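Notes for the one structure printed next.
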Amino acid sequence: MIVIVCLDDKKGMMFNHRRQSRDQAVTDRIQKICTGKKLWMNAYSDKLYGSLEKMDIVVENDFLALAGSGEICLVESDSLMPFIEKIEQIIVYWWNRTYPADVYLDLDLSQWERKERNEFPGTSHEKITEEIYERRT
């Protein structure tokens with residue numbers, strides 16, 4: 001499966017049961033990546049991303065267990081370690097700042113190979129960095 005996450009500089013994902021931040025430019029990139037594909041997410045993410053068009057959005061509480069090879073999962077709050085063997089690729093959107101956080105990405109990205117890095121201006125962030133990681137062989 002392919003995982004999409006948004007992180008602050010300390011790998012923070014959420015604070016007080018809420019996403020740290022949101023940016024329309026990131027949403028647009030997610031829509032472009034997922035057009036014509038299946039996008040898995042939980043009910044919390046569905047509130048923000050469920051209206052994306054041109055893709056098959058599947059909302060399930062156990063979406064990480066159900067998603068198959070090559071399918072895309074938008075992860076805002078879930079632990080990835082239990083599913084590490086299923087993960088083929090991780091797409092990270094870095095906010096390039098630090099927010100308060102109490103939920104963090106539980107994967108060590110240094111164990112993955114960074115294949116691509118792009119920077120772009122966001123609508124709420126001056127600079128957002130997109131990195132694509134693949135499993136080391």
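The analysis underlying the following values was restricted to heavy atoms, covering all of them including side chains, and did not include hydrogens, waters or symmetry mates. The structure displayed is predicted, hence computed values, not measured ones.
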* To do: Over all heavy atoms of both residues, which pair between Cys6 and Trp95 is shortest? Give the atoms and the distance, please.
  => CB-CZ2, 3.6 Å
* **Check: Met41 main-chain N/O paired with Ser45 side-chain donor or acceptor under 3.5 Å** => no
* **N/O donor-acceptor pair under 3.5 Å between Asp23 side chain and Ser124 backbone** => yes
* Asked: Between the side chain of Glu131 and the main-chain N/O of Asn118, is any donor-acceptor distance below 3.5 Å?
  -> no
* Give the C-alpha distance, both sets of side-chain angles, the deciding distance and a yes or no for side-chain contact (heavy atoms from CB on, under 4.5 Å) between Trp94 and Ile128. => CA-CA 6 Å; Trp94 296 99; Ile128 296 171; 5.9 Å; no
* Pairwise distance CZ(Arg114) to CZ(Arg117) - rounded to 0.5 angstrom -> 5.5 Å
* If only atom types and distance count, is the side chain of Ser69 paired as donor or acceptor with the main-chain N or O of Met1 below 3.5 Å? -> no
* Electrostatic pair Glu134:Arg136 at N-O distance under 4.0 angstrom -> no
* Least distance between heavy atoms, Ala25 atom then Gly122 atom -> CB-CA, 3.8 Å
* Of all heavy-atom pairs between Leu7 and Lys11, which one has the smallest distance, and what is that distance? -> CD2-O, 3.7 Å
* Asked: Hey, does Ile33 have a side-chain heavy atom less than 4.5 Å from the side chain of Glu130?
  -> yes
* What do the steps show when you test Val58 against Phe63 for side-chain contact (heavy atoms from CB on, under 4.5 Å), and what is the final call? -> CA-CA 8 Å; Val58 182; Phe63 70 105; over 6 Å; no
* Structure fact -> Closest non-hydrogen contact found for Asp8 with Arg97 is CB-O, 3.1 Å
* Audit row: Asp78, Asn42, side-chain hydrogen bond (donor to acceptor under 3.5 Å, both in side chains) steps and yes/no -> CA-CA 9 Å; Asp78 296 83; Asn42 63 21; 3.0 Å; yes
* Side-chain (Gln31) to main-chain (Glu53) donor-acceptor, under 3.5 angstrom -> yes
* **Within-4.5 Å side-chain heavy-atom neighbours: Val75 and Met13** => yes
* Asked: Step by step, would you call Ile84 with Leu107 a side-chain contact (heavy atoms from CB on, under 4.5 Å)?
  -> CA-CA 8 Å; Ile84 192 163; Leu107 297 181; 3.8 Å; yes
* To do: For atom CD of Glu126, decide whether the heavy atoms of other residues, nucleotides or ligands shown that lie under 6.0 angstrom number more than 12.
  => no
* **Identified side chain to side chain contact (heavy atoms under 4.5 Å, CB included) partner of Tyr93 from the options Val5, Ile30, Thr129** => Ile30
* **Carboxylate-amine/guanidinium proximity below 4.0 Å for Lys115 and Glu113** => yes
* Asked: Should we say atom CG of Asp56 is surrounded by more than 12 heavy atoms from elsewhere, each under 6.0 Å from it?
  -> yes
* To do: Output yes when a side-chain donor or acceptor of Lys86 lies under 3.5 Å from a complementary backbone atom of Ala67, and no otherwise.
  => yes
* Mind checking the OG1-CE spacing from Thr35 to Met55? Nearest 0.5 Å is all I need. => 5.0 Å
* **Parallel, tilted or perpendicular: ring planes of His125 versus Tyr99, cut at 30 and 60 degrees** => perpendicular
* Would a 4.5 Å heavy-atom cut-off, applied to side chains only, mark Leu80 and Val3 as touching? -> yes
* To do: Working to the nearest 0.5 Å, report the span between CD1 of Ile91 and CD1 of Ile4.
  => 4.5 Å
* To do: Measure the shortest side-chain to side-chain distance between Leu52 and Cys34 over non-hydrogen atoms and say whether it is less than 4.5 angstrom.
  => no
* Should Lys38 and Ile72 count as side-chain neighbours, where that means a heavy-atom distance under 4.5 Å? -> no
* Taking the side chain as C-beta and beyond, is there a heavy-atom pair between Trp40 and Ile57 under 4.5 Å? -> no
* Structure fact -> dist Lys54:NZ -> Lys32:NZ (nearest 0.5 Å) comes out at 12.0 Å
* Under 4.5 Å between side-chain heavy atoms, hopping through other hydrophobics if needed: is there a path connecting Met14 to Tyr104? -> no
* Could you tell me whether Lys37 and Glu71 have a side-chain N and a carboxylate O separated by less than 4.0 Å? => no
* To do: Step by step, work out the side-chain contact (heavy atoms from CB on, under 4.5 Å) result for Tyr133 and Val92.
  => CA-CA 8 Å; Tyr133 294 86; Val92 180; 4.0 Å; yes
* For the residue pair Leu74 and Tyr49, establish whether any side-chain heavy-atom pair is separated by less than 4.5 Å. => yes
* **Nearest heavy-atom neighbours spanning Gln20 and Ala101** => NE2-CB, 3.3 Å
* **Side-chain touch Arg18/Tyr44, heavy atoms, less than 4.5 angstrom** => yes
* Asked: Hey, is the main chain of Ile87 close enough, under 3.5 Å, to the side chain of Arg135 for a donor-acceptor pair?
  -> yes
* **Exercise: identify the closest heavy-atom pair between Met81 and Asp106** => CG-O, 3.1 Å
* Check whether NZ of the Lys or CZ of the Arg Arg29 lies under 6.0 Å from the centre of the six-membered ring of Phe120 and within 45 degrees of that ring's axis. => yes
